[in-house]
**Q** 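The structure is given below, and queries will be raised subsequently.
Numbering of residues begins at 1 and proceeds along the displayed sequence. Everything numeric here is computed off the predicted structure, so don't read it as measured data.
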Amino acid sequence: MRFVIIGGGPAGVQAATQAVKLGAHVTLIEKDVLGGAANLWDCVPSKAMIATGAVLTENRRSRGMGLLSDGLRPDLDEIRERIESITIRLAHSTSELLASQGVTVIRGVGRFLDEHTVVAECDDGTTVEIEADCVLLSTGSRPRIPDWADVDGDRILITRQAYPPKEIPEHLIVIGSGVTGVEFVHMFRCFGSKVSLVVSRQQVLPQKDPEVAAVLESDFLDSGVRLYKGAKAVSIERSGNEVTVTCDDGRIIRGSHVLLAIGSIPNSEGLNLQAAGVRTDKSGYIPVNHHCVSNVEHIYAAGDLSGKLPLASVASTQGRKVAEHAMGLDSLEHRHLDYDKAASAIFTEPEIADVGLAEADAFALGRKIRVTKVPFATNPRALISGDPRGFVKIVSDPATGVVLGGSIVGHNASELISVIALAVTAHLKVDDIYESLLVHPALAEALAEAAD
Ligand SMILES: Cc1cc2nc3c(=O)[nH]c(=O)nc-3n(C[C@H](O)[C@H](O)[C@H](O)COP(=O)(O)OP(=O)(O)OC[C@H]3O[C@@H](n4cnc5c(N)ncnc54)[C@H](O)[C@@H]3O)c2cc1C
């Protein structure tokens, strides 16, 4: 089996390693950095910036912990170097892994010549033609820039230009209140910027449980973040060191910098998809079935390009499933990827994480559920560590006790949600969580309490 992969992000890399294990001859074409945008622009640098911001926040909290603080200031060059070194280290270990497994990696830009031939325009100026029995397209996505925004990389920024920007913004206006937008609000308030957030609906995180979003909103407001709700930005003007954002309801916000976080667009246009007969939807995503197969039987799309859940974790699982399907291992029902069971997290402080059925969605569906909620305010570990914000919420089936979903707001929610994610995937019951002998003192004890 000659398996060709275009795009070496989480989807492409995972597909490559799995396919080669199953006996395929794998060629992976990557034009930039192995590990993909996830490593270079998205997950890794954003969480590295947030980690630095968290140290600053912790330092500010030190008086409450009985310590005297002499203050810390960000060193932007060192932050930039730190992020680069993490990215390089991850790309290097991915490269070594692929080499050790026998994956052929071509540095260059891939596209179709016809449905069984892929061409790579290599970094060294040469062109390679590769015959393929199967092709995976995993070229990811990039930030959407609306035509009314003149991004200059200086004061009008997309996320990729903010790791870190040339200076810490005095007043940052973030446009877009989805996961990326709120993470950047959090990141820059930690660095001491005044932050305003343009929220096109009436709730930040419009896709999330309103109770969860409310905790974040009130935390933002408490820390001085200004929310412009029900407002869509329609223009950005820059005059010297000032930027002005005008909203469709006439409101005007003045600041020092603007950051756009209004979604992504797929990297599908350079792939010469017509030559292979692969169809896209009107936004450029490649529609796929539950095996990530496109409209052409031997051509798959995975990761952000497939238009499913834009998460690195989902991309890599899709990549693994693609390899298994291509190599004929898909016969078992349980091997299908269930996007409704994907855990996700928002790396604000407090962190927010959820998985499975949300309470609000269950009500909208008219489905009977049992909801139990336990605040961290009474959890010994939360009190000891000085951050008792947030709660654990478990959604279960009242008839069987099977765990259907859950949300966690609080310190380390992104780690704690794994317990509920496992329960949802393995159809465990609330009793299974309740009967587990957990560590004391631990935040996870709130999970057992919520399961009680
Ligand atoms: C700011 C931000 C933060 C995020 N944080 C998280 C997070 O914390 N957790 C999480 O799970 N998800 C996060 N995401 C989402 C995550 O980054 C994406 O879902 C993930 O990167 C998608 O992986 P992928 O394999 O589809 O593609 P990508 O990671 O985008 O990789 C695609 C690769 O294809 C290459 N490529 C493109 N075209 C070609 C071509 N023609 N030839 C050769 N190579 C090509 C690119 O260079 C790139 O390396 C974040 C997103 C953003 C914007």
Side-chain angles (χ1 to χ4, degrees), residues 1-45 47-48 81-111 116-140 267 271 291-292 298-306 311-330 332 335 337 418:
M1 160 73 75
R2 296 164 304 172
F3 189 31
V4 175
I5 300 168
I6 308 181
V13 168
Q14 201 53 238
T17 54
Q18 187 66 10
V20 95
K21 267 190 231 158
L22 296 171
H25 180 275
V26 181
T27 305
L28 187 153
I29 307 167
E30 169 54 52
K31 70 177 174 63
D32 216 334
V33 167
L34 283 173
N39 179 16
L40 187 60
W41 302 118
D42 301 343
C43 319
V44 172
K47 266 82 250 182
E81 279 163 26
R82 176 173 179 270
I83 292 173
E84 275 171 19
S85 77
I86 300 172
T87 297
I88 291 168
R89 193 185 302 178
L90 289 171
H92 186 68
S93 58
T94 305
S95 170
E96 285 196 331
L97 173 73
L98 294 173
S100 70
Q101 292 196 331
V103 174
T104 305
V105 176
I106 296 180
R107 302 295 184 152
V109 179
R111 63 179 161 79
H116 280 288
T117 318
V118 169
V119 181
E121 311 279 355
C122 304
D123 291 355
D124 62 7
T126 58
T127 301
V128 183
E129 275 185 29
I130 313 140
E131 296 296 312
D133 301 307
C134 254
V135 178
L136 167 63
L137 302 169
S138 47
T139 50
N267 294 325
L271 293 168
H291 291 301
C292 294
H298 68 285
I299 300 177
Y300 298 79
D304 287 6
L305 186 63
S306 67
L311 288 173
S313 47
V314 169
S316 50
T317 308
Q318 282 180 318
R320 181 165 56 78
K321 300 277 176 192
V322 164
E324 290 174 355
H325 185 255
M327 298 304 285
L329 287 193
D330 64 301
L332 298 173
R335 286 188 178 272
L337 201 161
S418 312

**Q** Taking ring pair (Phe, Tyr, Trp, His ring centres under 6.0 Å) as the test, write out the residues that go with H116, two or more places apart.
**A** H298
**Q** Closest approach of R107 and D32, non-hydrogen atoms and distance?
**A**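 Where R107 meets D32 most closely, the heavy atoms are NH1-O, 3.5 Å.
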**Q** State which residues pass side chain to side chain contact (heavy atoms under 4.5 Å, CB included) with Q318; sequence neighbours excluded, sorted by chain then number.
**A**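 C292, A302, S306, K308, V314, L337, Y339.
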**Q** Does any non-hydrogen side-chain atom of I106 lie less than 4.5 Å from one of I130?
**A** yes
**Q** Do any side-chain atoms of residues 1-17 form donor-acceptor pairs under 3.5 angstrom with protein atoms, and if so which ones, sequence neighbours left out?
**A**
unit_1: R2; atom_1: NE; unit_2: D133; atom_2: OD2; d: 3.2
unit_1: R2; atom_1: NH2; unit_2: D133; atom_2: OD1; d: 2.9
unit_1: T17; atom_1: OG1; unit_2: V13; atom_2: O; d: 3.3
unit_1: T17; atom_1: OG1; unit_2: Q14; atom_2: O; d: 3.1

**Q** N267 side chain to L305 main-chain N or O, any donor-acceptor pair under 3.5 Å?
**A** no
**Q** Can you tell me how far the CD1 atom of I86 sits from the CG atom of L40, to the nearest 0.5 Å?
**A** 12.5 Å
**Q** Tell me the closest heavy-atom pair linking H291 and V322, and the distance in Å.
**A**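 Taking H291 first and V322 second, the nearest heavy atoms are O-CG2, 4.2 Å.
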**Q** Quick one: CG on L90 to CG on L34, what's the gap to the nearest 0.5 Å?
**A**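 Spacing of CG (L90) from CG (L34) equals 11.0 Å.
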**Q** Does atom NE2 of H25 have more than 12 heavy-atom neighbours, drawn from other residues, nucleotides or ligands, at distances under 6.0 Å?
**A** no
**Q** Looking at every non-hydrogen atom in both residues, tell me the closest pair between T317 and S313 and how far apart they are.
**A**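 Answer, listing the atom of T317 first, then S313: OG1-O, 2.9 Å.
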**Q** Would you find a donor on one side and an acceptor on the other, under 3.5 Å apart, between the side chain of S95 and the backbone of A91?
**A**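 No: the side chain of S95 does not pair with the backbone of A91.
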**Q** According to side chain to side chain contact (heavy atoms under 4.5 Å, CB included), who are the partners of H92, at least two apart in sequence or on a separate chain?
**A** E96
**Q** My understanding is that only residues two or more places apart in sequence, or in another chain, count here; which of them pass side chain to side chain contact (heavy atoms under 4.5 Å, CB included) with I83?
**A** P45, A48, M49, I79, T87, Y163
**Q** Apply side chain to side chain contact (heavy atoms under 4.5 Å, CB included) to K31 and list each qualifying residue two or more places apart in sequence or on a separate chain.
**A**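 For K31, the residues satisfying side chain to side chain contact (heavy atoms under 4.5 Å, CB included) (neighbours in sequence not counted) are V109.
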**Q** Can you tell me how far CD of E30 sits from OG1 of T139, rounded to the nearest 0.5 angstrom?
**A**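 It comes to 10.0 Å.
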**Q** Do the ring planes of H325 and Y300 sit parallel (below 30°), tilted (30 to 60°) or perpendicular (above 60°)?
**A**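 Aromatic pair H325/Y300 classed perpendicular.
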**Q** So, taking the atom named CZ in R320 and the one named NZ in K21, what distance separates them when rounded to the nearest 0.5 Å?
**A**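 Rounded to the nearest 0.5 Å, the CZ-NZ separation comes out at 9.0 Å.
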**Q** How long is the span from the CD atom in Q18 to the CD atom in Q101, to the nearest 0.5 Å?
**A**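 These two atoms lie 9.0 Å from each other.
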**Q** Do you know the tightest heavy-atom contact between G303 and A315?
**A**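 So the two residues come closest at CA-CB, 3.6 Å.
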**Q** Which value, rounded to the nearest 0.5 Å, describes the distance between S138 atom OG and L28 atom CG?
**A**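 So the OG of S138 and the CG of L28 are separated by 6.5 Å.
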**Q** Could you pull out the closest heavy-atom pair between A323 and A19, with the gap in Å?
**A**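 Looking at all heavy atoms of both residues, the shortest contact is CB-N, 3.5 Å.
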